[in-house]
Amino acid sequence: MKQDERLERLFKTYYQQMYRLARTMLYDVDESRDVVSDVFAQIIQQQTVLLPETEEHYLMTGVRNGCRNVLQKKLIREQFRQHYPVEDAPSSTIDTTELMHYAETHLSLQALRIFRMRFIDDMTYQQIGDELGISKVAVYKHVSQAVELLRQKFYPKSK
């Protein structure tokens with residue numbers, strides 16, 4: 001069976017199921033279609049060959065991960081808007097690169113704040129999570145991010 005025929009079969013077999021999952025997670029028709037399309041585009045770009053026994057799992061996992069990425073980007077944008085309100089400026093004038101830089105800076109500062117709480121204030125992961133309203137896993141990830149930031153700052157790779 002040719003690649004085009006396999007893709008057509010996958011599309012006809014799984015599109016509705018993939019779309020329903022995306023709609024359930026995103027509540028948006030266009031974003032849901034985009035996520036499903038991105039999964040198929042990735043298969044084409046990477047020339048992925050799926051085994052019949054794993055194709056459904058692969059496709060649904062791709063949709064789930066795509067939806068999570070969309071939701072994460074929305075969360076970052078919302079956090080940015082809350083912390084750095086842009087008054088009287090139409091959203092089309094905001095530079096996306098600058099927006100992402102500020103969002104990354106905010107996340108880095110959050111990681112360093114959590115690092116301080118853990119190692120200077122001697123709080124447990126649970127205490128930090130409770131105070132900030134995040135999970136212990138999120139606290140751990142922020143601490144790991146802060147350690148990496150500090151490592152890059154104080155021990156840069158030699159060129």
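Nothing here was measured: the structure is a model prediction, and the numbers come from that model. If you read the sequence from its start, that first residue is 1, and numbering goes on from there.
- Both Tyr14 and Phe11 belong to a common hydrophobic cluster when Ile, Leu, Val, Met, Phe, Trp and Tyr are linked at side-chain heavy-atom distances under 4.5 angstrom.
- Heavy atoms from other residues, nucleotides or ligands lying under 6.0 Å from OH of Tyr140 number 12 at most.
- Taking both residues in full, the closest heavy atoms of Val63 and Val39 are given as N-CG2, 3.7 Å, listed atom of the first, atom of the second, then distance.
- Contact annotation: the side chain of Asn69 never approaches that of Gln72 to less than 4.5 Å [non-hydrogen atoms, C-beta and beyond].
- Rounded to the nearest 0.5 angstrom, Leu21 CG and Ser32 OG are separated by 9.0 Å.
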Without placing hydrogens or testing angles, list every side-chain donor-acceptor pair under 3.5 Å for residues 112-122, not counting sequence neighbours.
from, atom 1, to, atom 2, distance (Å)
Arg116, NH1, Asp121, OD2, 2.6
Arg118, NH1, Met123, O, 3.1

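- The environment of Lys136 atom NZ is sparse: at most 12 non-hydrogen atoms of other residues, nucleotides or ligands sit within 6.0 angstrom.
- Of all heavy-atom pairs between Ala22 and Val36, the closest is CB-CG2, 4.4 Å.
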**Request:** Test side chain to side chain contact (heavy atoms under 4.5 Å, CB included) on Leu59 and Leu50 and set out the steps.
**Result:** CA-CA 9 Å; Leu59 295 170; Leu50 302 175; 4.3 Å; yes

**Message:** salt bridge (charged side-chain N to carboxylate O under 4.0 Å, His left out), that's the test. Do Glu31 and Arg23 meet it? Break it down for me.
**Reply:** CA-CA 8 Å; Glu31 286 180 341; Arg23 278 295 306 265; over 6 Å; no

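- Of all the heavy atoms in Asp30 and Asp28, the pair that sits closest is N-OD1, 3.1 Å.
- Across every non-hydrogen atom of Ala111 and Ala146, the tightest pair is O-CB, 3.4 Å.
- Atom-to-atom distance recorded for Arg68:CZ and Leu26:CG is 12.0 Å, nearest 0.5 angstrom.
- A salt bridge does not link Glu5 to Arg9: none of the charged side-chain nitrogens sits closer than 4.0 Å to a carboxylate oxygen.
- Leu71 places none of its side-chain heavy atoms less than 4.5 Å from the side chain of Leu75.
- The line from CZ of Arg6 to CD1 of Ile43 is 11.0 Å long, rounded to the nearest 0.5 Å.
- Residue Gln47 qualifies as open at atom CD: its count of foreign heavy atoms under 6.0 Å is 12 or below.
- Counting heavy atoms from C-beta on, the side chains of Val29 and Tyr19 come closer than 4.5 Å.
- Asp38 and Gln42 share no side-chain donor-acceptor pair at under 3.5 Å.
- Put simply, the side chain of Thr13 never gets that close to the backbone of Leu10: no donor and acceptor are under 3.5 Å apart.
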